[in-house]
Amino acid sequence: MNHARVQEIPVQRSSVTVINQPVGWNDVNTQPRSKKLKVASYCRVSSEEELQLGSLENQIIHYTNYIRSNPDWYYAGVYSDKGKSGTDMSKRIGFNRMIRNAMNGEIDLIICKSISRFARNVVDTMDIVRQLTEKGIFVIFEKERLNTKDMTSSLLIKILATFAEEESRATSENIDWAFTKRFERGEVVAGQLFGYEVNKDKEWIIVEKEAEIVREAYDLFLNGYNMTEIARHFIRKGYKKRSGEIDWDNNNIRSILTNERYAGDVLSRKTCTLDFRTHKTVINRGHKPQYYIEDHHEGIVSKEDYEKVQEILRDNKSDFNRGDYEKTPFTSRVICTHCGKNFHRFGKNIKKTIWRCSSNVKSELLCEADPIEEEHIEKLLREGFEKRYNINRRTNDGLLIKQLTKELSTAEAVREREQNLLRVELEKCLIAENKAILQNLDTEVLKEKRQDVEKEIAIKAKLWEDFDKDYEFREASLNRLKELKGSDKAIKKILDISFMRAWVIHIKVESPFLFTIKWIDGKETVVGKFRGGHNDGRK
Ligand SMILES: [Zn+2]
């Protein structure tokens with residue numbers, strides 16, 4: 001490398017306002033290269049900084065000198081944009097020109113002060129960085145000390161997801177204020193309420209078929225039935241919830257019996273959204289003002305009946321029976337394939353511990369899944385593990401131990417990546433939704449889209465939570481693998497339920513004889529066999 005060649009361009013750092021001392025890039029291009037890197041920089045000023053006159057000019061001078069003073073770099077230009085507000089930046093002529101030039105092979109490396117200065121938002125940043133990376137073009141973000149070249153894509157996604165959160169926080173201001181104004185004007189933000197439909201003119205219309213079910217719940221309760229009994233009765237009758245399901249439980253009945261809207265009144269803001277960044281709602285216990293509107297719409301039950309029910313509920317708080325199953329590490333891991341609900345463990349007051357489908361516990365009409373003995377679950381799990389890893393045919397080459405160790409460690413990375421991708425997807429929806437709210441546009445479609453993502457996250461979150469809880473089991477299992485000192489044959493000795501658990505995502509129960517085990521790498525093993533006839537699966 002010939003330093004003399006670049007000395008012809010004098011660098012006058014002292015005359016430049018150094019905005020941010022570049023850090024961590026001495027190591028960027030230390031390895032010898034046959035070709036010099038073509039390096040460009042991108043600068044822009046935000047609205048506040050524009051007040052500091054000359055900020056952009058200083059940045060341009062700084063980066064020009066900085067790039068030119070590196071003997072391993074070719075100067076490929078300093079690109080810039082400026083504007084008074086975010087919308088003025090929408091054209092971003094300089095930025096787009098830089099990306100075009102990069103894609104045409106004129107730039108190998110882009111230096112930018114920070115992630116927030118780069119693309120319009122973090123989601124865009126991600127898309128652009130990915131496109132650049134595919135072409136072998138990398139970006140250095142000075143403030144965050146990131147070089148996209150050094151990063152695995154999953155790490156980059158993780159970092160960008162964090163920044164996306166900050167960004168959507170910024171768009172969520174003012175929305176709360178808009179909602180308060182609507183409540184003050186007496187507008188009711190209608191959710192989906194069983195028994196009613198809201199028409200175009202915002203009028204609440206009674207859905208008679210559902211209203212009958214509501215009235216029946218009040219009648220039965222006033223006649224001495226408890227919530228569990230009412231739920232069972234509804235299941236027997238085959239009454240459908242809004243979701244189309246018939247799996248009523250006492251929580252459903254409780255929410256019918258305690259909702260003042262069935263008596264025609266509205267307590268606005270029973271729940272409130274504390275944070276429009278996440279759109280999470282909580283029960284309003286004085287977080288935000290409440291508004292009570294009497295006779296807002298036609299009631300389904302009389303005010304007298306509603307009040308009588310509330311009195312009984314106040315006197316009798318014990319009618320809140322959540323079942324008596326036991327929580328264990330396998331809770332929500334054993335899934336019924338007939339109804340999709342979980343098996344719960346019942347071990348109290350019974351000789352043998354059994355697992356029962358939770359729908360079946362509510363009513364046999366919902367699901368006819370047979371109970372399973374815990375011993376049997378263990379037995380099939382071991383069978384699955386042995387089958388999957390060919391345990392009986394192992395020699396002592398240590399390959400299995402290596403494989404098992406690798407599986408436990410890569411599983412975490414897969415989970416991280418999956419989560420961060422969904423986080424970015426969610427932030428994208430939130431940003432779009434907040435913008436629409438502020439512009440007073442219809443948000444229904446955006447909301448549905450967000451809820452789809454949230455639903456997906458919620459489903460995955462359950463799996464992730466289970467997976468994370470198993471961290472200790474994975475560690476313990478890894479340690480036990482080490483103890484084997486490379487002897488694959490010895491694995492059989494440690495093959496107990498706590499060891500195997502580290503590999504299990506869930507067990508789907510087809511019948512007490514037939515399971516599908518899903519492992520942490522997403523693969524599945526079927527164990528047991530189809531059996532016809534009268535066997536009940538209990539030995
Ligand atoms: Zn079931």
Side-chain angles (χ1 to χ4, degrees), residues 176 178-231 233-235 237-274 279 281-317 319-320 442-444 447:
D176 198 36
F179 269 83
T180 304
K181 287 287 155 206
R182 280 168 65 187
F183 284 121
E184 282 171 6
R185 286 199 300 269
E187 283 179 40
V188 173
V189 182
Q192 289 289 323
L193 181 63
F194 185 79
Y196 286 101
E197 251 166 30
V198 180
N199 70 10
K200 283 200 304 289
D201 302 322
K202 305 261 156 87
E203 288 164 343
W204 291 41
I205 311 297
I206 291 177
V207 180
E208 199 45 49
K209 214 172 130 206
E210 293 178 350
E212 275 169 27
I213 296 170
V214 172
R215 281 185 210 112
E216 196 171 338
Y218 276 83
D219 280 349
L220 289 171
F221 191 77
L222 289 173
N223 280 302
Y225 288 83
N226 68 29
M227 295 187 200
T228 309
E229 287 163 344
I230 297 172
H233 173 70
F234 283 8
I235 293 167
K237 288 267 188 172
Y239 292 163
K240 285 201 171 93
K241 301 200 282 190
R242 268 281 162 92
S243 62
E245 290 185 283
I246 60 163
D247 60 340
W248 296 88
D249 58 29
N250 46 7
N251 288 325
N252 301 141
I253 305 301
R254 171 172 291 268
S255 63
I256 287 179
L257 294 178
T258 55
N259 196 329
E260 82 293 339
R261 293 180 187 211
Y262 290 121
D265 299 343
V266 170
L267 175 63
S268 269
R269 269 204 175 150
K270 268 190 288 205
T271 61
C272 59
T273 306
L274 286 182
H279 287 251
T281 52
V282 296
I283 291 175
N284 188 359
R285 295 197 174 90
H287 301 292
K288 298 278 162 65
Q290 291 189 325
Y291 304 89
Y292 199 92
I293 307 164
E294 270 195 70
D295 298 322
H296 171 271
H297 55 269
E298 192 188 344
I300 287 175
V301 298
S302 70
K303 286 200 194 334
E304 293 74 42
D305 281 356
Y306 174 76
E307 271 314 316
K308 262 187 249 163
V309 167
Q310 307 318 305
E311 251 170 60
I312 296 170
L313 284 173
R314 270 191 294 272
D315 296 342
N316 177 16
K317 284 187 176 162
D319 193 14
F320 210 20
D442 186 31
T443 56
E444 264 321 294
K447 195 171 131 197

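Values below: every heavy atom of this structure, side chains too, minus hydrogens, waters and symmetry copies.
Here the side chain of D249 pairs a donor or acceptor atom with the backbone of N252 at under 3.5 angstrom. Using a distance-only test at 3.5 Å, with no hydrogens or angles considered, no donor-acceptor pair links the side chain of E307 to the main chain of E304.
A search for side chain to side chain contact (heavy atoms under 4.5 Å, CB included) contacts involving E298 returns I206, not counting sequence neighbours. For the ring pair (Phe, Tyr, Trp, His ring centres under 6.0 Å) test, residues two or more places apart in sequence or in another chain that qualify with F234 are Y239, W248. Checked against side chain to side chain contact (heavy atoms under 4.5 Å, CB included), D265 has the following partners two or more places apart in sequence or in another chain: E260, Y292, E294, D295, K303. Under the ring pair (Phe, Tyr, Trp, His ring centres under 6.0 Å) criterion, H297 pairs with Y196, W204, not counting sequence neighbours. Partners of S255 according to the side chain to side chain contact (heavy atoms under 4.5 Å, CB included) rule, which considers only residues two or more places apart in sequence or in another chain, do not exist here.
In this structure, V309 and L222 have side chains that are in contact, with non-hydrogen atoms separated by less than 4.5 Å. Contact annotation: the side chain of V301 never approaches that of K308 to less than 4.5 Å [non-hydrogen atoms, C-beta and beyond]. At a threshold of 4.5 Å between non-hydrogen side-chain atoms, the residues T228 and I253 do not count as touching.
For L257 against Y306, the heavy-atom pair with the smallest separation is O-CE1, 4.0 Å. What you find for S302 and A263 is that their closest heavy atoms are O-CB, 4.5 Å. Contact record, N259 with Y218: O-OH, 4.0 Å, taken as the closest heavy-atom pair. Of all heavy-atom pairs between Y262 and I256, the closest is CD1-O, 3.3 Å.
From I213, atom CD1 reaches atom NZ of K241 across 11.5 Å, with rounding to the nearest 0.5 Å. To the nearest 0.5 angstrom, R261 atom CZ is 12.5 Å from I300 atom CD1. Rounded to the nearest 0.5 angstrom, R314 CZ and E311 CD are separated by 6.0 Å.
Counting non-hydrogen atoms of neighbouring residues, nucleotides and ligands closer than 6.0 angstrom, the NZ atom of K240 reaches no more than 12 such neighbours.
For residues 210-220, the set of pairs meeting the salt bridge (charged side-chain N to carboxylate O under 4.0 Å, His left out) definition, not counting sequence neighbours, comprises E208-R215, E210-R242.
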